[in-house]
Amino acid sequence: MNTLLAQEIYDKALACGYDSCGIVPLDALDFYKERLIKRLEDVPESKEVYAHSKDFLALKEKYPWAQSIVVCTEYFGDYKFPVSLRNRYAKGLLLSLSNIPHSDEFKRRQSFEVWLGENGIRYIGGETAKPAGIIPLRPASVAAGLGIYRKNNFFYGPKGSSYELVGYLIDESCEYIQQLEIPPCLDSCNLCQQGCRTKSLSAPFTMNPLTCVSFINTFGDGKLPDGVADDMLEEWILGCDNCQDCCPFNKNHDWSIGKDYPGLNALELILQPEYILKASDKEIIEKLIPKFCFHLTDKQIPLLRKSAKRAIEHK
């Protein structure tokens with residue numbers, strides 16, 4: 001186990017702007033298999049949605065050269081989020097650095113990958129919020145001691161759930177596990193379940209992705225399962241933050257203060273539902289789809305307009 005290299009990777013990650021970094025051997029994800037099996041047992045209808053997850057359980061077979069997982073956290077709660085976009089757009093999707101590949105912030109992240117290569121470290125990864133990446137980012141982050149799961153299934157670090165996670169497989173045997181003191185959810189708390197209008201959160205740490213608002217208005221292509229009515233989606237156009245916003249570990253955050261996210265102020269007008277309904281397909285494809293963090297495609301413009309129309313009618 002190369003402890004010196006582990007410290008160097010950690011130091012470089014922080015120098016590149018990450019809030020924290022952890023490194024675990026691939027075996028540290030063995031617990032994820034049990035978690036996935038339980039999830040499928042609790043919600044068997046979600047089997048198709050989680051089909052890609054079987055690849056997470058075969059990292060050793062798919063990447064026989066890989067020895068460890070490096071996972072980094074970046075806190076996006078330092079950015080302001082416009083009032084007019086709240087309860088309509090999931091903050092983590094609009095505030096992802098994946099949306100701004102030419103920004104200084106994104107280039108700083110890329111410099112970490114350059115450093116890995118310059119030091120002869122073979123790696124693969126770097127994805128953040130892509131629907132089916134290489135690494136199960138939340139389990140890897142928890143295994144590395146960077147945070148915990150809460151009852152709404154989201155990863156929480158010391159400042160709440162407003163973290164973007166980035167992971168890499170590397171060909172070096174390293175370990176750097178954090179020891180953070182993060183209080184767990186109270187046994188008596190069920191606020192996230194109460195805040196979930198579609199009852200996708202049916203029990204602690206249990207959810208049905210098919211009835212999740214965030215799934216329905218993105219990957220689910222607007223299809224409403226039995227028991228879910230259109231008005232349950234409220235004004236959400238892209239994603240949903242209800243179960244995070246009502247969480248006691250997030251509720252004191254003030255999104256009206258902080259840094260300006262690059263380009264978001266200029267984008268605010270065309271993100272309004274009224275504008276989406278009158279915008280051309282070409283404008284939506286060029287200006288909006290690239291800002292949605294891989295959660296909508298060019299072919300889903302009808303879904304975007306449908307969600308925008310519902311947002312207007314739900315006021």
Side-chain angles (χ1 to χ4, degrees), residues 5-24 56 59 63 66-81 89-147 154-172 174 176-178 180 239 258-267 289-295:
L5 180 59
Q7 184 66 54
E8 290 177 350
I9 292 173
Y10 171 82
D11 291 342
K12 185 60 182 179
L14 268 59
C16 290
Y18 288 111
D19 288 271
S20 193
C21 172
I23 310 171
V24 293
F56 294 154
L59 293 178
Y63 308 99
Q67 298 292 317
S68 309
I69 299 173
V70 177
V71 62
C72 304
T73 61
E74 187 149 30
Y75 183 64
F76 59 80
D78 286 333
Y79 291 112
K80 291 184 288 188
F81 197 71
Y89 294 90
K91 294 178 282 292
L93 299 185
L94 288 191
L95 299 179
S96 170
L97 290 189
S98 299
N99 301 335
I100 44 176
H102 304 297
S103 67
D104 291 339
E105 290 86 348
F106 189 86
K107 291 175 182 176
R108 189 180 69 240
R109 175 185 287 180
Q110 284 184 313
S111 68
F112 180 68
E113 299 181 6
V114 171
W115 180 86
L116 290 174
E118 290 177 344
N119 283 270
I121 301 172
R122 183 179 179 182
Y123 71 88
I124 189 172
E127 74 273 357
T128 53
K130 287 185 178 179
I134 294 170
I135 301 162
L137 293 171
R138 292 180 190 176
S141 300
V142 172
L146 300 177
F154 278 91
F155 168 86
Y156 279 67
K159 301 177 184 178
S161 64
S162 299
Y163 287 90
E164 185 159 70
L165 308 176
V166 183
Y168 300 90
L169 293 180
I170 64 171
D171 65 347
E172 296 283 350
C174 299
Y176 198 103
I177 298 178
Q178 302 282 358
L180 300 178
K259 303 181 296 183
D260 289 327
Y261 178 88
L264 186 56
N265 289 336
L267 198 64
I289 299 297
K291 303 299 182 181
F292 289 162
C293 198
F294 315 109
H295 278 63

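Since this is a predicted model, take the numbers as computed values, not measurements.
Residues Pro262 and Tyr79 approach most closely at CD-CE2, 4.1 Å, considering heavy atoms. The nearest pair of heavy atoms linking Ala140 to Ile135 is CB-CG2, 4.2 Å. Across all non-hydrogen atoms, the minimal contact from Phe155 to Leu146 is CZ-O, 3.4 Å. The shortest non-hydrogen separation linking Pro158 to Leu180 is CG-CD1, 4.0 Å. Nearest heavy atom pair, residue Leu97 against residue Glu105, reads CD2-CB, 3.7 Å. Across Tyr261 and Leu95, no two heavy atoms sit closer than the pair CE1-O, 3.3 Å.
Atom CD of Glu8 and atom CG of Leu116 lie 11.5 Å apart (nearest 0.5 Å). To the nearest 0.5 Å, atoms CG (Leu5) and CD1 (Ile121) are separated by 4.5 Å. Atom CZ of residue Arg138 and atom OH of residue Tyr156 lie 10.0 Å apart, to the nearest 0.5 angstrom. One distance of note links CD of Glu164 with CG of Leu137; it measures 9.5 Å at 0.5 Å rounding.
By the 4.5 Å heavy-atom criterion applied to side chains, Tyr176 and Ile9 are not counted as neighbours. Side-chain atoms of Ile100 and Lys291, non-hydrogen and from C-beta on, do get closer than 4.5 Å to each other.
Residues that satisfy the ring pair (Phe, Tyr, Trp, His ring centres under 6.0 Å) test with Phe81, not counting sequence neighbours, are absent from this structure. Partners of Asp260 according to the salt bridge (charged side-chain N to carboxylate O under 4.0 Å, His left out) rule, which considers only residues two or more places apart in sequence or in another chain, are Lys80. The side chain to side chain contact (heavy atoms under 4.5 Å, CB included) test applied to Pro101 returns Phe106, not counting sequence neighbours. Partners of Ile124 by side chain to side chain contact (heavy atoms under 4.5 Å, CB included), not counting sequence neighbours, listed by chain and number: Tyr63, Trp65, Ile134, Leu169.
Distance alone, capped at 3.5 Å, is enough to place a donor-acceptor pair between the Asn99 side chain and the Leu93 backbone. Side chain of Gln178 to main chain of Cys21: a donor-acceptor pair is present (N/O by atom type, distance under 3.5 Å, no hydrogens or angles).
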Anything under 3.5 Å between a donor and an acceptor, one on a side chain of residues 66-76, the other on a protein residue two or more places apart or in another chain? List them.
from  : atom 1 : to     : atom 2 : distance (Å)
Ser68 : OG     : Glu172 : O      : 2.6
Ser68 : OG     : Cys174 : N      : 3.0
Ser68 : OG     : Cys174 : O      : 3.4
Thr73 : OG1    : Ser20  : N      : 3.3
Glu74 : OE1    : Arg109 : NH2    : 3.0
Glu74 : OE2    : Arg108 : NH2    : 3.1
Tyr75 : OH     : His253 : ND1    : 3.3

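Sequence neighbours left out, the pairs with a member in residues 112-125 that pass side chain to side chain donor-acceptor pair (under 3.5 Å) are Glu113-Tyr168.
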